Each structure stands twice: as structure tokens, then as C-alpha cells.
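Accompanying notes for the structure given below.
Just so it is clear: chains get the letters A, B, ... in the order the sequence lines come, proteins before strands, and each one is counted from 1. In this text the structure is predicted, and so the values were computed from the model without any measurement.
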Amino acid sequence: MIIVLIGATGTGKSKLAISLAQKIDGVIINGDAFQVYEELNIATAKPSEEDRMKVPHFLFDFIPLTSSYNVKEYQQDLRGELAELLKQNRNVIIAGGTGLYIKAGLFDYQLKEEEDIDLSEFEKLNNEELYKKLLELDPSVEGFVHPNNRIRVLRAIKRYLSSNTQYKDIIKSQSNKPIYDNVKIFGIESEREINYENVNKRVDQMVKDGLVEESTSLIRKYGRDVGAFKAIGVKEFFDYLDGKSSLEETIELIKKNTRNYVKRQNTFFKHQFEVTWIKEESEILELISK
RNA sequence: GGGUGAAUAGCGAAGUGGCCAAACGCGGCUGACUGUAAAUCAGCUCUUAAUUGUUCGGUGGUUCGAAUCCAUCUUCACCCA
């Protein structure tokens, strides 16, 4: 059985995952884009050593901070772990907040091997020109990518050039269903206001636990050009280190960014998954015992 | 007690007679999402079902027309006593 446990930041996913795993003799696989990185512990709210002793945890804390990781790699890693665990007939709980990663891993997203393609030619273009160029190459993305969304436009160009396949054909080739049997997706329901309060408290706790020290020392150690430093709780310290914002402002910004992130997560979950929304663990236990 | 300046939508801040329901920023809300996803991007944000109604500290004027001009009051800031 694969149980997917999603929910916005600050809804208590990790805790629930551990408790649930203990009850059903399950293991936990990380479904979070940033908890895969080493060294980034406090900002990502990675489960503690102690928690990891209680229940086997997979795909946590295993990518060097300075390497870049992406959906494709996660898809492979997740499927690799699942193959192994399902062979052993284990109950698996995938818990995390990165909807895209979880979806790409579980559903039949076609992410082909790609060669490196030099996009520097395209990067010189302005948004409008770039979008026009994209439509010349792959007209089927029209309506799927906003012209201002440079990152996506560039990605779409790269995807087309390296696969030579139109976007609509990639989508068509997929079933839009999980590739595994017996997948149950549960979402932790939380009122926005309570969720926000928890986020604020959680950030304060992180600060007490040494967030400032961890983030600033990692930035000093590795510089700023590190993909993983896009994490909330790290990037906000750039201005702090430059003396452009105070510690208080920085902490407030982290809270705000987390709140905004909560909103985006919920939008994704709501529209991209068929979620059974639950408030308590008992509801999951009841539903999976059927 | 005297003088000067300020008061604009949730906040900051433009606007100094018609093109103003009022730029812009922030915050908030909604949404998109197939290799940067804790990223990136879009829409909405006085009010109404609406080409509706009510606004720019209060009141009263001037004017065909006022957030913008005049008078007065209130509050705040600074300066002089």
C-alpha cells in the first residue's frame, strides 16, 4: 500500500507520518524538494535523528547541498525506493509538500533523458521574442505557458529541442493516473488562519533552534549561487548579510514567504490531486482498514 | 499662545481644476503549474448583478466641473514662545 500524505507547511505532516508509520508498520519516503539536501536542516524542518530512529526514512538528507536536484531525479529515486519496498511488501508513506515531485513520481509523467542544450542564444531574447520563438518551435504549448514566465518558456524550448516532441504529444501519451496500484492520497485539512498561526510559531521555533546561524554560515561557506538556497529560510538572509534588512525584518519575511507558499501548495493539491481531506489520523486508519 | 507643513482606498505613496474610483509599491485574495517547484508566473483587490453607488480628515463655499481653489473646524508633525 502506498499512502501519500500531503498538506501545506505547518499542518503537521511529518509528525502524523511518523505516528501513522508506527501504527501500520510503515516506512516514510520524503516528498519534499528541499529535505533531500544535506546540511540544510533547520530551514527545511527535516525530521530529527530521533524521529528517524523510530521509523525508517528514505530520500532524506542525501544530496550534497551544492548539487542541483530536480523532478526527473526525484522521479527515478522515488520509483527506485518504491520498487524495493513494494517487493518487500512494506507499507509506504510518502509525506511531503512538493506536489509536482510527488505527482511526477507516482503518475506516468514522461520525463525523457535529455542531452545538454545550449540556450544562451535564446537567453538574449526578451520575453516577447522568446515566447514567439517557442511557438515557432512548438505551437502546441500555446495557452500552457505564460509569455512572462521566462523560466517555463526556456524550459519548453529546451524540452522541445531535446525531445523533438511537441508538448501536446507528451501529454497525450500519459494516462494521468498513478502507475502503482493501491495508492491513497490523503491531505491534511487545516483552516487558513490556524495554519498561518502555526507557520508563524514554527518560524519562531526555527530561530530558537538556530536557523540564523545555520543559514548564514551555509551561505558564507558556499556562496549564494546554490540552488538549494532558494529555500524559504535561507534566501531571506542574503539581504540580512548585506546589511539591507534587520534580523526582525528577515524573520518576518520568512514568515510571510512561508504563508504565501502555504497558499500555493493548497492550490496545487486541490487542483492536481484527488485528495481525501482528513483532519485526524484516525480518519486515515479507518479509511485504509476498509 | 504664535508660525509652518501634513491629512488620499488595509498600509506606504503619487496626483495640485475636467482624460480620477484615483498611478505605483507593499500586504491580501484567486489561479496556473510535466526537468529551477520552498522555484516561476498570471488575474483580482472602495462598492454593485451592472456602463450602479459612495469616496481623497469634517463642514460650508467658489466653479459648468473640485482629491486638487477659498473659508472654517479637527487631528498629527515640526519650529518659535
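Expressed to the nearest 0.5 Å, how far OH of A:Tyr261 lies from OG1 of A:Thr9 amounts to 5.0 Å. The distance from atom NZ of A:Lys255 to atom CE of A:Met206, rounded to the nearest 0.5 Å, is 11.5 Å.
Only the C1' atoms considered, B:A21 is 7 Å distant from B:C46, to the nearest whole Å. For B:A9 and B:A67, the C1' atoms lie 12 Å apart once the distance is rounded to whole Å. B:U68 and B:U59 have their P atoms separated by 12 Å, given to the nearest Å. Across B:C26 and B:G18, the matching P atoms stand 29 Å from one another, rounded to whole Å. Comparing the C1' positions of B:A22 and B:U16 gives an interatomic distance of 14 Å, to the nearest angstrom. Across B:C29 and B:C79, the matching P atoms stand 41 Å from one another, rounded to whole Å. The same atom, C1', is picked in B:A50 and in B:U72; the two are 40 Å apart, to the nearest Å.
In this structure, A:Leu253 shares a hydrophobic cluster with no other residue, the cluster being traced through Ile, Leu, Val, Met, Phe, Trp and Tyr side chains under 4.5 angstrom apart.
With hydrogens and angles ignored, the 3.5 Å screen pairs a side-chain donor or acceptor of A:Gln35 with a backbone N or O of A:Ala45. Side-chain atoms of A:Glu281 come within 3.5 Å of backbone atoms of A:Leu20 as a donor-acceptor pair (strictly under, hydrogens ignored). Of the possible polar contacts, none joining the A:Thr98 side chain to the A:Tyr101 backbone as a donor-acceptor pair under 3.5 Å is found.
Residues passing the side-chain hydrogen bond (donor to acceptor under 3.5 Å, both in side chains) test with A:Tyr240, sequence neighbours excluded: none. Partners of A:Lys46 according to the side-chain hydrogen bond (donor to acceptor under 3.5 Å, both in side chains) rule, which considers only residues two or more places apart in sequence or in another chain, are A:Asn41, A:Asp61. By the side-chain hydrogen bond (donor to acceptor under 3.5 Å, both in side chains) test, A:Asp138 pairs with A:Ser140, sequence neighbours left out. The side-chain contact (heavy atoms from CB on, under 4.5 Å) test applied to A:Lys177 returns A:Ser175, not counting sequence neighbours. The side-chain hydrogen bond (donor to acceptor under 3.5 Å, both in side chains) check on A:Tyr180 picks up nothing, with sequence neighbours excluded.
Of the residues in residues 200-228 of chain A, none lies under 4.0 Å from RNA chain B by heavy-atom distance. A heavy atom lying under 4.0 Å from RNA chain B marks the following residues of residues 165-198 of chain A, by number: A:Tyr167, A:Ile171, A:Gln174, A:Arg192, A:Tyr196.
In a base pair of the Watson-Crick type (N1 to N3 plus N6-O4 or O6-N4) or a G-U wobble (N1-O2 and O6-N3), with each distance short of 3.5 Å, B:A50 is matched with no nucleotide. A 3.5 Å limit on both hydrogen-bonding distances identifies no Watson-Crick or G-U partner for B:A38. The pairing partner recorded for B:A71 is B:U59, the criterion being a Watson-Crick or G-U wobble arrangement whose two distances lie under 3.5 angstrom. Using N1 to N3 plus N6-O4 or O6-N4 for Watson-Crick, or N1-O2 and O6-N3 for G-U wobble, each under 3.5 Å, B:G5 pairs with B:C76. Base-pair partner of B:A13: not found among the strands shown (Watson-Crick or G-U wobble, both distances under 3.5 Å). Across all strands shown, B:C29 forms a Watson-Crick or G-U wobble pair with B:G43, both key distances being under 3.5 Å. Shown here, B:C20 forms no base pair; nothing in the strands shown gives a Watson-Crick or G-U wobble contact with both key distances under 3.5 Å.
Nucleic acid contact for A:Thr258: none, since no nucleic acid atom lies under 4.0 Å from a heavy atom of the residue. A:Glu113 comes within contact range of at least one nucleobase, with a heavy-atom separation under 4.0 Å. Backbone-only contact: A:Gly97 has heavy atoms under 4.0 Å from sugar-phosphate atoms and none from a base. Residue contacts shown for A:Gln75 are absent, as no nucleic acid heavy atom lies under 4.0 Å away. In this structure, A:Ala33 reaches the sugar-phosphate backbone alone: every heavy-atom distance under 4.0 Å involves primed, P, OP1 or OP2 atoms, never a base.
Take the nearest nucleotide of RNA chain B for A:Glu114 and for A:Tyr261: the residue whose nucleotide is more 5' is A:Glu114. Heavy-atom distances to RNA chain B give each of A:Gly99 and A:Lys158 a nearest nucleotide, and the one nearer the 5′ end belongs to A:Lys158.
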Quick test: give all pairs of protein nitrogen or oxygen and nucleotides 23-27 of chain B nitrogen or oxygen below 3.5 Å, distance rounded to 0.1 Å.
residue : atom : partner  : partner atom : Å
B:G27   : OP1  : A:Lys256 : NZ           : 2.2

Distances under 3.5 Å only, N/O to N/O: pair up the protein atoms with those of nucleotides 40-42 of chain B.
residue : atom : partner  : partner atom : Å
B:U40   : O2'  : A:Asn149 : OD1          : 2.2
B:U40   : O2   : A:Asn149 : ND2          : 3.2
B:C41   : O4'  : A:Asn149 : OD1          : 3.3
B:C41   : O4'  : A:Asn149 : ND2          : 3.2
B:A42   : OP1  : A:Asn148 : ND2          : 2.8

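One interatomic measurement links the two molecules: NZ of A:Lys230 to C1' of B:A39, which rounds to 6 Å at whole-angstrom precision. Straight-line distance from the CD1 atom of A:Ile6 to the P atom of B:A38: 13 Å, rounded to whole Å. As rounded to whole Å, 14 Å separates atom P of B:A39 from atom CZ of A:Phe268. One interatomic measurement links the two molecules: CG of A:Leu100 to C1' of B:A32, which rounds to 13 Å at whole-angstrom precision. Rounding to whole angstrom units, CD of residue A:Gln35 and C1' of B:A38 are separated by 10 Å. Between A:Tyr37 atom OH and B:A38 atom P the separation is 10 Å, expressed in whole Å. As rounded to whole Å, 12 Å separates atom P of B:A39 from atom OH of A:Tyr101. One atom, CZ of A:Phe237, and another, P of B:A38, lie 19 Å apart when rounded to the nearest Å.
When the nucleotides B:U34, B:A38, B:G31 are ranked by their closest atom to the side chain of A:Lys270, B:G31 comes out on top.
Within the 4.0 Å cut-off from OP1 or OP2 of B:U34, not a single side-chain nitrogen or oxygen of A:Tyr109 is found. Residue A:His271 places none of its side-chain N or O atoms closer than 4.0 Å to OP1 or OP2 of B:C33. When the side-chain nitrogen and oxygen atoms of A:Thr267 are compared with OP1 and OP2 of B:G31, one or more of them lie within a distance under 4.0 Å.
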Pairs under 3.5 angstrom only: tabulate donor-acceptor contacts from the side chains of residues 164-172 of chain A to other protein residues two or more places apart or in another chain.
residue  : atom : partner  : partner atom : Å
A:Thr165 : OG1  : A:Ser163 : O            : 3.0
A:Gln166 : OE1  : A:Lys168 : NZ           : 3.2

Donor-acceptor contacts, no H, no angles, side chain residues 155-162 of chain A, under 3.5 Å, sequence neighbours left out:
residue  : atom : partner  : partner atom : Å
A:Arg155 : NH2  : A:Glu114 : OE1          : 2.6
A:Arg155 : NH2  : A:Glu114 : OE2          : 3.0
A:Ser162 : OG   : A:Lys158 : O            : 2.9

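Side-chain contact, A:Lys15 with A:Ser19: no donor N or O sits under 3.5 Å from an acceptor N or O. Donor-acceptor pairing under 3.5 Å is recorded for the side chains of A:Tyr69 and A:Asp77.
Using a 4.0 Å cut-off between charged side-chain N and carboxylate O, A:Glu39 and A:Lys221 make a salt bridge.
Counting heavy atoms of neighbouring residues, nucleotides and ligands inside a 6.0 Å radius, atom CD of A:Glu136 exceeds 12 of them.
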